[in-house]
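Values in this document were obtained by computation on a predicted structure and should not be read as measured data. Here is how names work: the chains are called A, B, and so on, in the same order as the sequence lines, proteins then strands, and each is numbered from 1.
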Protein chains: 2
Amino acid sequence: MTTLSTAGQVLRCFSARRQELTVTEVAELLSLPKSNVSRLLRAMREAGFLEGIPDSRGYRPGILMFELGHSYRRDSALVARAHAAVGRVSRQFGHSGYVSIRDGADVIGLTFHEGSRMLRVGTPVGQRLPAFAAASGRSLLARLPDEEVRRLHPAPLAPPSGTAPQDMAELLARLEAVRREGFAIATDESNPGVGSIAVAVAGRQPGEDACLCLVYPLSLVDATERERMIAALLAEAREIHARPGAAVPERAGLRSAAA
Amino acid sequence: MTTLSTAGQVLRCFSARRQELTVTEVAELLSLPKSNVSRLLRAMREAGFLEGIPDSRGYRPGILMFELGHSYRRDSALVARAHAAVGRVSRQFGHSGYVSIRDGADVIGLTFHEGSRMLRVGTPVGQRLPAFAAASGRSLLARLPDEEVRRLHPAPLAPPSGTAPQDMAELLARLEAVRREGFAIATDESNPGVGSIAVAVAGRQPGEDACLCLVYPLSLVDATERERMIAALLAEAREIHARPGAAVPERAGLRSAAA
DNA sequence: ATGGGCGGTTCCGAAAAATGGAACAACGGT
DNA sequence: ACCGTTGTTCCATTTTTCGGAACCGCCCAT
């Protein structure tokens with residue numbers, strides 16, 4: 001394994017849960033000799049990938065990562081339109097909404113609209129979730145052929161809860177339903193008490209799709225409102241597909257400047 | 001130069017302006033042979049640092065960077081308190097405000113409160129700016145001894161406008177004023193039409209400070225309001241210093257979860 | 001105070017990867 | 001079809017990495 005790819009592996013060890021790591025932790029997570037990890041982490045610190053935590057042996061991602069992360073835009077025209085669309089639906093119902101994309105077998109939140117109700121679902125921006133156990137993820141997986149979905153899940157599924165698909169057969173059945181109906185829905189799957197509805201929009205490349213997703217506290221939403229939310233999301237997605245090139249008043253997390 | 005540090009250099013070539021780069025561009029920016037860069041960029045793509053742009057030769061930062069960037073927290077208790085404090089001042093005056101930190105001779109925005117007025121300054125989150133030519137930057141530089149400030153600026157200053165410090169002597173004079181008065185102020189420096197006021201708060205380590213910064217359209221603010229904003233920021237900073245350990249209702253860009 | 005235990009670093013020869021110049025291939029424009 | 005541009009591959013040389021083991025230093029329990 002080359003240094004660069006090992007460095008990538010190291011960075012993947014960090015997450016919202018694991019905000020800092022020590023030499024030993026990394027060595028165990030990656031099954032590497034400590035001597036290697038010791039040198040590697042120092043080299044990564046010197047290159048700016050990591051920074052040392054003051055008064056501690058731990059390392060955390062460096063500010064370079066923070067910078068790069070905040071100028072990340074993927075197919076920005078599509079994401080911008082999706083973000084605007086989700087914003088309209090979010091405002092209409094008062095629930096949080098977001099745009100996410102798929103990366104392998106995971107989904108990652110790209111942008112977020114906070115809901116206006118007191119009880120609201122928080123931001124998934126930058127968070128990685130198994131795609132199969134999320135409405136957003138299934139809306140995106142459904143755009144792939146079954147064979148590809150199988151390829152992305154070599155190991156048996158590890159469902160985070162009883163309402164998530166329990167095995168590949170159930171996943172494929174639910175993806176088939178998504179293809180038929182045009183939306184995906186999840187209840188109490190990856191996050192307890194949270195429901196979500198998602199509709200995918202096609203990117204310029206296959207596998208480059210994005211999805212509009214509405215998330216809501218289950219306690220606040222009945223079947224009627226759910227139907228209305230589904231209809232609203234589907235309408236927005238149809239609009240995006242109908243006018244693929246439509247200009248959008250460049251927003252979606254526009255970063256301007258300050259001093 | 002080792003692969004890892006070259007990779008770091010490559011990533012530093014990206015910015016809000018330069019969202020994508022090709023082999024030739026990187027080779028020229030870093031004065032490296034194309035053969036090297038070609039292999040390096042591919043290796044970085046395979047390791048997840050970069051991704052290739054569809055239908056293009058260009059590369060851009062990978063989604064891994066996006067993820068890491070969004071879980072970046074530096075001395076999170078301090079930043080959280082600073083963010084909350086800036087939020088109060090921002091709401092009070094209707095102008096945008098943010099928290100930023102110093103990295104070498106630059107400042108980088110960490111969190112942001114959007115102003116409530118129609119004309120408002122946009123987010124600097126993840127943006128890097130020369131510290132000497134920004135209120136936020138000078139508020140942080142002022143906490144260093146002159147000698148250290150000199151060391152951070154080996155080359156002559158490159159002032160982005162006439163109101164920024166034009167040379168080291170002027171910079172040091174203005175830093176001295178910041179130390180005396182407790183705040184820094186900038187007018188039309190790095191961003192035309194924008195004024196800003198900043199007050200630093202001390203971190204646990206020297207050089208680990210953060211700053212509260214209010215930014216406003218110059219056309220909207222007169223001397224009286226400026227004084228009131230300065231007073232409000234100073235009061236918030238005093239409060240933070242007075243009770244260093246005070247618990248804060250963990251917010252400041254808290255990321256929760258969704259599906 | 002003393003001795004472990006634990007986390008981290010350093011050392012070393014063997015093995016693998018990076019380097020950079022030049023030749024080569026792919027592409028876009030005309 | 002041609003040219004200029006851009007990116008990739010090749011190769012011998014130089015540099016770095018690898019991983020086991022020995023080593024250091026800190027904290028804690030006795």
Side-chain angles (χ1 to χ4, degrees), chain A residues 1-15 17-62 64-65 68 74-75 77 204-206 208 245, chain B residues 1-15 17-62 64-65 74-75 204-205 208:
Chain A
M1 205 191 298
T2 176
T3 306
L4 212 48
S5 75
T6 312
Q9 300 294 333
V10 170
L11 292 178
R12 277 177 243 275
C13 293
F14 291 95
S15 70
R17 305 300 174 84
R18 297 193 144 295
Q19 302 247 33
E20 54 183 85
L21 289 167
T22 63
V23 170
T24 305
E25 286 172 322
V26 173
E28 285 180 0
L29 285 167
L30 301 181
S31 310
L32 290 173
K34 282 194 304 178
S35 61
N36 250 331
V37 175
S38 173
R39 281 172 307 209
L40 178 60
L41 294 193
R42 186 171 22 168
M44 287 176 74
R45 173 155 54 74
E46 271 151 24
F49 292 100
L50 300 180
E51 53 189 44
I53 297 171
D55 299 330
S56 155
R57 283 181 290 258
Y59 288 88
R60 63 184 164 202
L64 176 59
M65 305 294 104
L68 290 166
R74 177 138 157 188
D75 198 345
R204 280 176 308 191
Q205 303 285 320
E208 293 275 309
Chain B
M1 204 191 298
T2 176
T3 307
L4 212 48
S5 76
T6 313
Q9 301 292 334
V10 169
L11 292 178
R12 278 176 241 275
C13 294
F14 291 95
S15 69
R17 305 300 175 80
R18 295 194 143 296
Q19 301 246 39
E20 54 182 87
L21 290 167
T22 64
V23 170
T24 306
E25 287 171 322
V26 173
E28 286 180 0
L29 285 167
L30 301 181
S31 309
L32 291 172
K34 282 194 305 178
S35 61
N36 253 331
V37 174
S38 173
R39 281 171 307 207
L40 178 60
L41 294 192
R42 189 177 21 185
M44 288 177 74
R45 171 156 55 75
E46 272 151 25
F49 292 98
L50 301 179
E51 53 189 44
I53 297 171
D55 299 331
S56 157
R57 281 182 290 257
Y59 288 88
R60 63 184 164 202
L64 176 59
M65 304 294 105
R74 178 138 158 186
D75 197 348
R204 279 177 309 190
Q205 302 285 320
E208 293 275 309

Peer 1: Quick one, B:Val26 and B:Thr22 - any side-chain contact, counting heavy atoms below 4.5 Å?
Peer 2: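 SC-SC contact between B:Val26 and B:Thr22 ruled out.
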Peer 1: Answer with base, sugar-phosphate or nothing: what part of the nucleic acid does A:Thr24 contact at a heavy-atom distance below 4.0 Å?
Peer 2: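 It contacts sugar-phosphate atoms only.
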Peer 1: Roughly how far, to the nearest 0.5 Å, is CG of A:Leu64 from CE of B:Met65?
Peer 2: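 So the gap between those two atoms works out to 8.0 Å.
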Peer 1: Restricting both atoms to N or O, compile the protein contacts to nucleotides 23-25 of chain C shorter than 3.5 Å, with distance only.
Peer 2:
none

Peer 1: Nearest whole angstrom, please: distance from the P of C:dG8 to the CD1 of A:Ile53.
Peer 2: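 Answer to the nearest Å: 12 Å.
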Peer 1: Counting only side-chain heavy atoms from C-beta out, which of D:dC18, C:dG7, D:dT17 sits nearest to B:Thr2?
Peer 2: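 Selected nucleotide (nearest to the side chain): D:dT17.
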Peer 1: Who pairs with B:Ser31 by side chain to side chain contact (heavy atoms under 4.5 Å, CB included), at least two apart in sequence or on another chain?
Peer 2: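 If we apply the side chain to side chain contact (heavy atoms under 4.5 Å, CB included) test to B:Ser31, skipping adjacent residues, there are no hits.
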Peer 1: What is the distance, rounded to the nearest whole Å, between atom CD of B:Glu20 and atom P of D:dT6?
Peer 2: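 After rounding, the reported distance stands at 15 Å.
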Peer 1: In whole Å, what is the span from the CG atom of B:Leu4 to the P atom of C:dA18?
Peer 2: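 Computing the B:Leu4:CG to C:dA18:P distance gives 11 Å.
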Peer 1: What heavy-atom pair brings A:Leu68 and B:Pro61 nearest, and what distance separates the two atoms?
Peer 2: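 For A:Leu68 and B:Pro61, the tightest heavy-atom pair comes out as CD2-CG, 3.9 Å.
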Peer 1: What parts of residues 37-50 of chain B reach DNA chain C, counting only heavy atoms under 4.0 Å away?
Peer 2: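 Listed by number, they are B:Arg39.
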Peer 1: At less than 4.0 Å, is any side-chain N or O atom of A:Thr22 found next to OP1 or OP2 of C:dG8? Yes or no.
Peer 2: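 For C:dG8, OP1/OP2 do have a side-chain N/O of A:Thr22 under 4.0 Å.
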Peer 1: Counting only N and O atoms by type, is there a donor-acceptor contact under 3.5 Å from the side chain of A:Ser5 to the main-chain atoms of A:Thr2?
Peer 2: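 Judged by distance alone, yes, a pair lies under 3.5 Å.
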Peer 1: Applying the side-chain contact (heavy atoms from CB on, under 4.5 Å) test to A:Gln9, which of A:Leu40, A:Leu32, A:Leu30 qualifies?
Peer 2: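 Going through the options one by one, the only one that passes is A:Leu30.
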Peer 1: A:Tyr59 OH to C:dG7 P: how many Å, rounded?
Peer 2: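 That distance rounds to 15 Å.
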Peer 1: Just how large is the angle between the end axes of the helix from C:dA1-D:dT30 to C:dT30-D:dA1, five pairs per end, to 10 degrees?
Peer 2: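 The helix from C:dA1-D:dT30 to C:dT30-D:dA1 shows an end-to-end axis angle of 50°.
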Peer 1: Looking at side-chain heavy atoms only, is the closest gap between B:Phe14 and B:Leu50 below 4.5 Å?
Peer 2: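 Side chain of B:Phe14 against side chain of B:Leu50, heavy atoms only: contact under 4.5 Å found.
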Peer 1: For B:Glu25 and D:dT5, what is the distance between atoms CD and C1' respectively, to the nearest whole Å?
Peer 2: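 For the pair B:Glu25 CD and D:dT5 C1', the rounded distance is 13 Å.
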Peer 1: Nearest to the B:Lys34 side chain among C:dT19, D:dG7, C:dT10, which nucleotide is it?
Peer 2: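 Selected nucleotide: D:dG7.
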Peer 1: Which pairs with one or both residues in residues 21-48 of chain B pass ring pair (Phe, Tyr, Trp, His ring centres under 6.0 Å), sequence neighbours excluded?
Peer 2: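 The answer is none; no pair qualifies.
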Peer 1: CG of B:Leu32 versus C1' of C:dG21: gap in Å, rounded?
Peer 2: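 Taking CG of B:Leu32 and C1' of C:dG21, I get 14 Å after rounding.
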Peer 1: Which nucleotide wins on minimum distance to the side chain of A:Val23, given the candidates C:dT9, D:dC18, D:dG20?
Peer 2: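 Side chain of A:Val23 sits closest to C:dT9.
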Peer 1: Holding to ring pair (Phe, Tyr, Trp, His ring centres under 6.0 Å), I want the full list of residues that pass it with B:Tyr59, two or more places apart in sequence or in another chain.
Peer 2: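 Ring pair (Phe, Tyr, Trp, His ring centres under 6.0 Å) check on B:Tyr59 returns nothing, list empty.
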Peer 1: Is B:Arg57 close enough to D:dT6 that one of its side-chain N or O atoms is under 4.0 Å from OP1 or OP2 there?
Peer 2: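 It does not, given that no N or O in the side chain of B:Arg57 lies less than 4.0 Å from OP1 or OP2 of D:dT6.
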Peer 1: Quick one: salt bridge (Lys or Arg N to Asp or Glu O under 4.0 Å) pairs with a partner in residues 22-45 of chain B, sequence neighbours left out?
Peer 2: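 Qualifying pairs, neighbours excluded: none.
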Peer 1: Kindly state each residue pair satisfying salt bridge (Lys or Arg N to Asp or Glu O under 4.0 Å) with at least one member in residues 47-58 of chain A, sequence neighbours excluded.
Peer 2: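 As it turns out, the salt bridge (Lys or Arg N to Asp or Glu O under 4.0 Å) pairs with a partner in residues 47-58 of chain A, which skip direct neighbours, are A:Glu51-A:Arg60, A:Glu51-B:Arg74.
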Peer 1: Name all residues meeting the side-chain hydrogen bond (donor to acceptor under 3.5 Å, both in side chains) criterion together with A:Arg18; count only those two or more places apart in sequence or in a different chain, and write none if there are none.
Peer 2: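 Listed in chain order: nothing, the list is empty.
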Peer 1: Take atom CG of A:Asn36 and atom P of C:dC12, then tell me their distance rounded to the nearest Å.
Peer 2: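 One finds 17 Å between P of C:dC12 and CG of A:Asn36, rounded.
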